[in-house]
Amino acid sequence: MNITTLKSRQDLPKETRAGKMYDQFEKLLSELRKKQLSDKEIITINENINAINASSLEGSDFAKFIKTNQIQILKRIQKESKIVPQQYYVTLGTILGMTGIGLPAGVAFGYAFGNMGLLGLGLPIGLALGAAVGRSLDKKALENNKQLGLAIKY
């Protein structure tokens, strides 16, 4: 089963947000064609492509529509095949590191020294740990051919 082709939109200016989202979506589809995907995943991808091809939206509404469909595709392939975009785990790691490690560490520093102004001290620690773990997971995904050749920008 093949991934459907995205309909060309000549009327969409490349410098607009919608144009940039459309280009990114085309690149995503190009990368997905290189991966081994299940028929179930391809059906989902094709449904999203058909929705975009049939859309008559313009401007920022069209950009939001593309973004929504792109997120649905990425969630599906991440859940089913464990294929992720570049920098996926670094982004996730920094967020989780700062909130899950950094804030509690900052609170602990604040209470230990009796100065809650030290709350921010834990954030860089969590950021560094989360980024390090994320980098190692991204490297592992790349080695296992489970990483797309592009970073997704929202």
Side-chain angles (χ1 to χ4, degrees), residues 1-104 106 119-120 122-154:
M1 184 171 255
N2 293 327
I3 295 177
T4 305
T5 305
L6 194 60
K7 184 174 76 174
S8 178
R9 295 206 178 207
Q10 302 299 332
D11 61 327
L12 193 61
K14 300 275 185 196
E15 60 276 348
T16 63
R17 182 170 178 254
K20 290 175 185 174
M21 289 295 293
Y22 195 79
D23 286 343
Q24 179 175 277
F25 192 75
E26 282 182 323
K27 290 175 186 171
L28 172 65
L29 295 178
S30 173
E31 286 295 319
L32 289 174
R33 287 185 183 99
K34 298 175 189 175
K35 299 293 181 186
Q36 200 67 13
L37 301 173
S38 70
D39 287 344
K40 198 172 167 184
E41 290 169 310
I42 293 175
I43 289 170
T44 301
I45 292 167
N46 287 341
E47 287 172 358
N48 289 17
I49 294 170
N50 291 335
I52 290 172
N53 285 341
S55 175
S56 61
L57 296 172
E58 293 181 7
S60 63
D61 291 334
F62 186 58
K64 289 177 189 174
F65 188 66
I66 293 172
K67 180 180 174 181
T68 302
N69 283 288
Q70 181 174 280
I71 289 170
Q72 287 176 354
I73 290 171
L74 289 170
K75 281 183 180 178
R76 181 60 172 247
I77 63 166
Q78 197 276 329
K79 182 180 175 186
E80 302 269 332
S81 298
K82 306 291 187 235
I83 296 174
V84 295
Q86 290 176 346
Q87 302 295 314
Y88 175 80
Y89 290 115
V90 170
T91 304
L92 187 62
T94 54
I95 292 168
L96 293 176
M98 288 176 67
T99 57
I101 297 169
L103 285 176
L119 178 72
L123 292 177
I125 295 168
L127 178 110
L129 289 173
V133 170
R135 251 186 254 106
S136 70
L137 290 173
D138 272 335
K139 185 178 177 184
K140 184 178 176 184
L142 181 63
E143 290 169 355
N144 294 331
N145 198 26
K146 295 289 185 177
Q147 191 176 65
L148 298 172
L150 79 152
I152 301 296
K153 296 177 180 94
Y154 297 103

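Note that this is a predicted model, so its numbers are computed, not measured.
- Look at Lys140 and Glu143 and you find no salt bridge, because none of the NZ, NE, NH1 or NH2 atoms lies under 4.0 Å from a carboxylate O.
- In terms of heavy-atom proximity, Gly59 sits nearest to Ala18 at O-CB, 3.5 Å.
- Contact check for Lys153 versus Lys20: no side-chain heavy atoms found under the 4.5 Å cut-off.
- Inter-residue side-chain proximity for Leu28 and Gln24 is flagged as unmet; no heavy-atom pair is nearer than 4.5 Å.
- Listed by first and then second residue, the salt bridge (charged side-chain N to carboxylate O under 4.0 Å, His left out) pairs that reach into residues 75-94 are Arg76-Glu80, sequence neighbours excluded.
- Between Phe62 and Leu12, the closest heavy-atom pair is CE2-CD2, 3.9 Å.
- Within the model, atoms CD1 of Ile42 and CD1 of Ile77 stand 11.0 Å from one another, a figure rounded to the nearest 0.5 Å.
- Residues passing the side chain to side chain contact (heavy atoms under 4.5 Å, CB included) test with Lys146 are Ile83, Ala141, Asn144, sequence neighbours excluded.
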Give the table of side-chain donor-acceptor pairs shorter than 3.5 Å for residues 49-58, with sequence neighbours excluded, one pair per line with atom names and distance.
| unit_1 | atom_1 | unit_2 | atom_2 | d |
| --- | --- | --- | --- | --- |
| Asn50 | ND2 | Asn46 | O | 3.1 |
| Asn53 | OD1 | Lys7 | N | 2.7 |
| Asn53 | ND2 | Thr5 | O | 3.3 |
| Ser55 | OG | Leu57 | N | 3.1 |

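- Residue Glu47 holds its CD atom at 9.5 Å from CD of Gln72, rounded to the nearest 0.5 Å.
- We find the CG-OH distance between Leu74 and Tyr88 to be 9.0 Å, quoted to the nearest 0.5 Å.
- Residues satisfying the side chain to side chain contact (heavy atoms under 4.5 Å, CB included) test with Ser60, not counting sequence neighbours, are none.
- The structure places CD1 of Ile66 at 11.5 Å from CG of Asn48, a figure rounded to the nearest 0.5 Å.
- Residues that satisfy the side chain to side chain contact (heavy atoms under 4.5 Å, CB included) test with Leu142, not counting sequence neighbours, are Gln147.
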Would you be so kind as to tabulate the donor-acceptor pairs closer than 3.5 Å made by side chains of residues 89-102, with sequence neighbours excluded?
| unit_1 | atom_1 | unit_2 | atom_2 | d |
| --- | --- | --- | --- | --- |
| Thr91 | OG1 | Gln87 | O | 2.8 |
| Thr94 | OG1 | Val90 | O | 3.1 |
| Thr94 | OG1 | Thr91 | O | 2.9 |
| Thr99 | OG1 | Ile95 | O | 2.9 |

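- Counting heavy atoms from C-beta on, the side chains of Leu148 and Lys34 never come closer than 4.5 Å.
- For the atom pair CG of Leu32 and CD1 of Ile45, the computed distance is 4.5 Å after rounding to the nearest 0.5 Å.
- In this structure the side chain of Glu26 never reaches within 4.5 angstrom of the side chain of Leu29, judged on heavy atoms.
- Here the straight-line distance linking atom OG of Ser81 with atom CD of Glu41 works out to 3.0 Å at 0.5 Å rounding.
- Closest of all the heavy-atom pairs between Arg17 and Lys64 is NH1-CG, 4.2 Å.
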